[in-house]
2 protein chains.
Amino acid sequence: MKIGELARESGLAPSRIRYYERQGLIGAIDRGLNGYRQYARGTRQLLEMIVVAQQAGFSLDEIRNLLPPHDQADRGRDKLLGALNRKVVDIETLQQRLSATRAGLKAVIARIEALPPGGDCFENAEDVLASMREQSKAG
Amino acid sequence: MKIGELARESGLAPSRIRYYERQGLIGAIDRGLNGYRQYARGTRQLLEMIVVAQQAGFSLDEIRNLLPPHDQADRGRDKLLGALNRKVVDIETLQQRLSATRAGLKAVIARIEALPPGGDCFENAEDVLASMREQSKAG
DNA sequence: CCTAAGATTAAAGTTAACTTTAAGGTCAAG
DNA sequence: CTTGACCTTAAAGTTAACTTTAATCTTAGG
């Protein structure tokens, strides 16, 4: 599979795929006699994992450390499992942060709705935000 | 309150606060006779809201549109409520995306753990990721 | 054979979100 | 009245994550 096809299938620009390669995210790629990159079937899934992780707020640098080494297959399996499990924990952390944020926002909204118009919103939001901070420490 | 004090209280660098002002995130600030910025009490909360929104994955550009105009107080109240409610929706969307991601990861982990060592991880992850994509469309 | 589509590289350009720098003005303390 | 901490600005520098450009090579089709 050449880069153009992989690009169409994954929805990523070829330049982006080459960029990820330069950044060490997808390892060394097989080359045909002409020098063209030849991708294995798994690469599309790998790219998707990268994109998913990015959407969850990970930098490419973090993702590189999260992904298994591209060479050794079996030592990679254990590292992959460890990385995936840590990633789940990271996502759970993020979820808790979002829950706290959402709860805080809802509290702020309730306060503002209960107020007579004309007051200083931020003045009244102070303790709400304080409790948000507490909550996020506890979470 | 001068910028240094606000910086200490908020944990943001003064340069960052001035940058937010240039970007229109905190509006025009009162100046003393000496030209120093004089911040109102609410500014610390405003900065915190900005940071929280950033951590939830919003760009400064999105945040600018989310925040109420800095001038009119009462028309601002309604816009603020609208913005906050939309933000809650945004957070809920993100939470759903994260849940889908987490579920997908857990499924991938279960698959890999069930495999005999030596196989091609990505090969087997294919339909798992397919179902992840379904889930995120539905969510 | 010619052409168009698609592959290659290195290097430069872009955008967001800041920080750093340079050159200065202000203010409280000794 | 000078020193040091803090403020001001405009402009330049930084980092991440890409994209664009330029110059060249390969391959498939009429």
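Throughout, a chain's letter reflects where its sequence line sits, starting with A, and its residues are numbered from 1.
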Subject >> Gap between atom CG of B:L46 and atom CZ of B:R41 - 0.5 Å precision >> reply: 13.5 Å
Subject >> Main-chain N/O of B:L6 paired with B:S10 side-chain donor or acceptor, under 3.5 Å >> reply: yes
**OP:** Have a look at B:R31 and say if it touches a base, only the backbone sugar-phosphate, or nothing, with a 4.0 Å heavy-atom cut-off.
**Re:** sugar-phosphate
Original post:
By side chain to side chain donor-acceptor pair (under 3.5 Å), which residues pair with A:R37, not counting sequence neighbours?
Top reply: A:E21
Subject >> Nucleotide C:dG6, atom C1' - distance to CD of A:Q38 in whole Å >> reply: 13 Å
**OP:** Between protein and nucleotides 14-29 of chain C, map the contacts as a letter string: B base, S sugar-phosphate only, - none, heavy atoms under 4.0 Å, written 5' to 3'.
**Re:** ---BBBB----BBS--
Original post:
Can you name the nearest heavy-atom pair linking A:R18 to A:I3, along with the distance?
Top reply: CG-CD1, 3.5 Å
Original post:
If only side-chain N and O atoms of B:R18 are considered, is one of them under 4.0 Å from the OP1 or OP2 phosphate oxygen of D:dT8?
Top reply: yes
Identify each donor-acceptor pair in which a side-chain atom of residues 29-36 of chain B lies under 3.5 Å from a protein atom, sequence neighbours left out, and give them as a table.
unit_1	atom_1	unit_2	atom_2	d
B:R31	NH1	B:G35	O	2.8
B:N34	OD1	B:Y36	N	3.0

Original post:
Has B:R37 got a side-chain N or O lying under 4.0 Å from the OP1 or OP2 atom of D:dT8?
Top reply: yes
Original post:
Taking side chain as C-beta onward, heavy atoms only, is B:I50 less than 4.5 Å from B:I26?
Top reply: yes
Original post:
Taking atom C1' of D:dT8 as reference, at what distance in whole Å does atom CG of B:D30 sit?
Top reply: 16 Å
